[in-house]
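Working notes for the structure below.
Everything numeric in this text was worked out from a predicted model, so none of it was measured.
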Amino acid sequence: LALGLNWAKDQNLSASASLNYYDSGDARGTQLTLSLRRRLGADHELELVLAPWRHEDRLLNMTGYRTTFLSARYTVRF
């Protein structure tokens with residue numbers, strides 16, 4: 001199952017979300033990714049990303065993981 005959503009207030013503010021759920025019998029997991037992008041003037045931009053992911057090994061229960069990715073990116077054009 002995969003779902004996605006994009007939203008933009010205007011050209012200076014946008015957000016997106018995506019969800020991926022998988023279940024193959026031996027493994028299952030979810031991958032959620034959220035992002036927020038804000039333009040700060042003509043040449044500056046800030047983007048924040050949060051992505052908590054989970055994977056479960058249902059066969060042996062040995063290779064599962066839970067992790068969260070957090071990113072902040074600041075861009076200056078010149």
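For N6, the side-chain contact (heavy atoms from CB on, under 4.5 Å) partners are S16, not counting sequence neighbours. Scanning for ring pair (Phe, Tyr, Trp, His ring centres under 6.0 Å) contacts around Y21 gives an empty result, with sequence neighbours left out. Looking at residues two or more places apart in sequence or on another chain, you find a ring pair (Phe, Tyr, Trp, His ring centres under 6.0 Å) between Y74 and H44. A search for side-chain hydrogen bond (donor to acceptor under 3.5 Å, both in side chains) contacts involving T63 returns D57, not counting sequence neighbours.
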Hey, can you pull the donor-acceptor pairs under 3.5 Å for the side chains in residues 47-54, sequence neighbours left out?
| unit_1 | atom_1 | unit_2 | atom_2 | d |
| --- | --- | --- | --- | --- |
| E47 | OE1 | R37 | NH2 | 3.3 |
| E47 | OE1 | R73 | NE | 3.4 |
| E47 | OE1 | R73 | NH2 | 2.7 |
| E47 | OE2 | R37 | NH2 | 3.2 |
| R54 | NH1 | E56 | OE2 | 2.2 |

Go through it in stages, so that I can follow the logic: the residues are R38 and E45, the test is side chain to side chain contact (heavy atoms under 4.5 Å, CB included), and I'd like the CA-CA distance, side-chain angles, deciding distance and then a yes or no. CA-CA 6 Å; R38 173 80 170 141; E45 188 174 284; over 6 Å; no
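Evaluation of the salt bridge (charged side-chain N to carboxylate O under 4.0 Å, His left out) test over residues 3-26, restricted to residues two or more places apart or in two chains, returns D23-R58.
Here the side chains of N20 and L1 are not in contact, with every heavy-atom distance at 4.5 Å or above. L13 is listed as a side-chain neighbour of W7, based on a closest heavy-atom distance under 4.5 Å.
No path of Ile, Leu, Val, Met, Phe, Trp and Tyr side chains, each step under 4.5 Å between heavy atoms, connects F69 with L34, placing them in separate hydrophobic clusters.
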